[in-house]
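Read the numbers this way: they start at 1 and go in the same order the structure lists the ligands and their atoms.
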Amino acid sequence: MDYSSRELEAKEEELRKIRLAFLNILEDTEEAKMQAIDEKNKTLAVIRNFTDGLLVLDDDNKIELVSPLVEIFLKQAEEEILGKDIFKLSSKKIDLKPLREVFKKRKAKEIKSIFRKEIHLGEELFLEVTISHFKSGEKKGTLVILHDVSRDKLVEKMKTEFVSISAHQLRTPLSAIKWTLRMILDGDMGKINDEQRDLLEKTYQSNERMIALINDLLNVTRIEEGRFLYKPESMQIEDIVDQTVSDSEETAAIKKIKIKTERPKELLPPVMVDKEKMGIAIQNLLENALKYTPEEGAVKIFLEKKNKDVVFKIADSGVGIPKDQQSRIFSKFFRGSNVIRMETEGSGLGLYTTKNIIESHNGKIWFESEEGKGSTFYFSIPFCS
Ligand code: ADP
């Protein structure tokens with residue numbers, strides 16, 4: 001084929017443009033590649049410098065990516081961890097069962113929302129494990145964050161020890177004051193006049209309140225240190241309820257409140273309980289009902305059998321618990337804004353202790369309350385099998 005020189009020139013020009021276009025495409029591709037590498041490096045740098053341990057699992061729960069802290073927490077190198085199934089993860093240096101259990105208890109794939117749990121690994125490592133699922137385009141997986149809370153735990157332990165030691169130290173002088181006041185009030189040190197008696201009675205009552213607070217604090221520290229030991233025995237729950245009601249009759253009479261008790265005619269099956277601890281739990285609930293119910297109000301206790309459990313219920317016609325505070329009711333030191341306004345005495349430790357006692361008996365505790373109308377607290381514990 002014969003091309004004229006003009007045609008040749010045009011072809012050359014076309015080829016030159018095509019070459020240029022190719023070079024541009026190549027350059028763009030190279031730039032995109034560099035950008036992707038750059039992004040990847042940035043992401044890796046974030047992961048590497050993350051202040052928590054980070055694990056990424058694929059859709060089959062195999063470990064795809066770990067941050068350096070994971071190697072320290074799990075005491076093994078990245079190469080040993082990568083590709084392993086999280087349900088089978090183990091180490092020769094540290095028992096990883098608590099970590100596996102977190103996944104086993106809530107099968108990783110079934111968790112819809114974020115799930116968080118605290119675990120204890122080895123001698124002194126406490127980790128808060130957060131699991132969340134992600135979906136990015138076609139890719140699905142799980143993100144696991146291991147947050148080291150060992151220091152917080154240590155500080156908490158030191159605080160508990162401090163409270164425990166202080167409470168023990170305070171108990172001795174308070175007991176001495178109690179017995180001295182009792183002797184004076186009983187006339188062992190000579191006759192006292194009415195005015196002196198009145199003042200001493202008030203001092204005696206204040207001292208009693210301090211002793212009660214110290215005892216509450218000691219119970220809480222025992223719970224937290226795992227020293228709140230239980231001595232369960234088979235017994236009738238009715239007996240503990242009757243004893244507690246009879247102990248509170250004086251307080252109830254002062255407020256002109258009659259405590260009514262309703263129970264099935266025939267005896268309930270026995271329960272396995274620690275008599276002293278269950279007494280504390282029921283007493284806390286009854287004391288609250290009396291304390292937060294105005295004079296001439298009503299307090300009613302019900303006992304009933306429900307399947308394999310006994311259900312204890314205590315209803316009062318008192319001040320109730322504000323709706324927006326109800327979720328905090330079993331927390332340590334919580335006191336409702338309405339009862340603080342009323343200037344009632346209290347430590348906010350009673351319900352925390354009660355919940356611990358009921359749960360240690362494999363029971364459940366819950367309540368219903370409406371501000372200004374009253375509250376009903378319930379607990380259930382299983383009968384002896
Ligand atoms: P305390 O009675 O010493 O303050 P508790 O732990 O026993 O501590 O109770 C915590 C808080 O829960 C109380 O301060 C009060 O606000 C609320 N509460 C508990 N029981 C009742 C009740 N029966 N009626 C109204 N409020 C209650």
Side-chain angles (χ1 to χ4, degrees), residues 160 163 167 170 174 205-224 228 240-241 244-245 247-249 251-252 254-262 276-303 311-360 363-380:
T160 308
V163 175
L170 284 167
L174 289 176
Q205 289 312 330
S206 299
N207 193 56
E208 284 290 273
R209 279 203 295 276
M210 259 198 281
I211 293 174
L213 171 63
I214 297 290
N215 285 337
D216 282 354
L217 277 174
L218 279 174
N219 282 341
V220 169
T221 57
R222 284 188 193 117
I223 289 170
E224 296 188 340
F228 202 51
I240 309 178
V241 173
T244 318
V245 171
D247 291 346
S248 296
E249 239 135 38
T251 321
I254 296 170
K255 289 189 81 174
K256 301 190 191 78
I257 296 174
K258 180 118 188 68
I259 308 168
K260 287 195 188 140
T261 319
E262 236 177 66
E276 186 207 331
K277 307 287 188 298
M278 193 48 74
I280 296 177
I282 296 176
Q283 190 191 0
N284 280 342
L285 295 175
L286 180 55
E287 268 178 10
N288 281 350
L290 291 171
K291 191 159 56 170
Y292 302 123
T293 298
E295 281 198 5
E296 291 178 25
V299 171
K300 217 167 168 185
I301 295 175
F302 302 82
L303 278 174
V311 178
F312 170 95
K313 170 175 160 187
I314 179 162
D316 65 54
S317 61
V319 297
I321 302 151
K323 267 264 162 327
D324 61 334
Q325 295 167 24
Q326 291 191 358
S327 59
R328 287 152 57 205
I329 199 84
F330 295 109
S331 323
K332 238 184 320 177
F333 300 113
F334 170 78
R335 302 207 69 220
S337 56
N338 54 342
V339 311
I340 295 174
R341 269 199 310 276
M342 284 159 57
E343 293 186 8
T344 49
E345 300 266 351
S347 62
L349 296 173
L351 286 181
Y352 173 82
T353 309
T354 303
K355 186 170 192 278
N356 265 283
I357 295 175
I358 300 300
E359 289 177 352
S360 301
K364 288 194 192 80
I365 182 163
W366 68 102
F367 69 96
E368 289 158 1
S369 181
E370 199 175 326
E371 202 176 353
K373 291 219 167 133
S375 312
T376 306
F377 279 83
Y378 304 80
F379 72 74
S380 67

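The contact set between ligand 1 and Lys291, taken as ligand atoms under 4.0 Å from a residue heavy atom, comprises 1 (P), 2 (O), 3 (O). Proximity to Phe377 (heavy-atom distance under 4.0 Å) selects the following atoms of ligand 1: 20 (N), 21 (C), 23 (N). With ligand atoms numbered from 1 in the order given, ligand 1 contributes 5 (P), 6 (O), 7 (O), 9 (O), 12 (O), 19 (C) to contacts under 4.0 Å with heavy atoms of Leu351. Here is the list of ligand 1 atoms found below 4.0 Å of a heavy atom in Leu349: 6 (O), 8 (O). Using a 4.0 Å cut-off to heavy atoms of Ile329, the atoms of ligand 1 that qualify are 12 (O), 17 (C).
Here the closest non-hydrogen pair linking Ser248 and Leu290 is CB-CD1, 3.9 Å. Between Ser317 and Thr293 the shortest heavy-atom distance is OG-CG2, 3.7 Å.
Distance from atom 4 (O) of ligand 1 to its nearest protein heavy atom, with residue and atom name: Arg335 NE, 2.6 Å. For atom 7 (O) of ligand 1, the closest non-hydrogen atom of the protein is Asn288 ND2, 2.8 Å.
In this structure the side chain of Phe330 reaches within 4.5 angstrom of the side chain of Ile365, judged on heavy atoms. Residues Phe367 and Ile321 are in side-chain contact: their nearest non-hydrogen atoms beyond the backbone lie under 4.5 Å apart. Annotation: side chain of Ile357 is in contact with side chain of Phe228 (closest heavy-atom distance under 4.5 Å). Using a 4.5 Å heavy-atom threshold, the side chains of Tyr292 and Asp316 count as separate. Phe379 places a side-chain heavy atom less than 4.5 Å from the side chain of Leu285.
Of the N or O atoms in Ile321, none lie within a sub-3.5 Å distance of an N or O in ligand 1. Annotation: Tyr352 places no N or O atom under 3.5 Å from an N or O atom of ligand 1; distance criterion only. At least one N or O atom of Gly336, backbone or side chain, sits closer than 3.5 Å to an N or O atom of ligand 1. Between Glu345 and ligand 1, no N or O atom pair is found at a separation short of 3.5 Å.
Under the 4.0 angstrom criterion for non-hydrogen atoms, Gly318 is not in contact with ligand 1. Ligand 1 has no atom lying under 4.0 Å from any heavy atom of Asn284.
Within a 6.0 Å sphere centred on NZ of Lys364, heavy atoms belonging to other residues, nucleotides or ligands number 12 at most. Dense packing is recorded around NZ of Lys277, with more than 12 heavy atoms of other residues, nucleotides or ligands lying under 6.0 Å away.
A side-chain donor-acceptor contact under 3.5 Å links Asn207 to the backbone of Leu174.
For Gln325, no heavy-atom contact with ligand 1 is shorter than 4.0 Å.
Nearest to atom 21 (C) of ligand 1 by heavy-atom distance, out of Tyr292, Phe333, Phe334, Phe367, is Tyr292.
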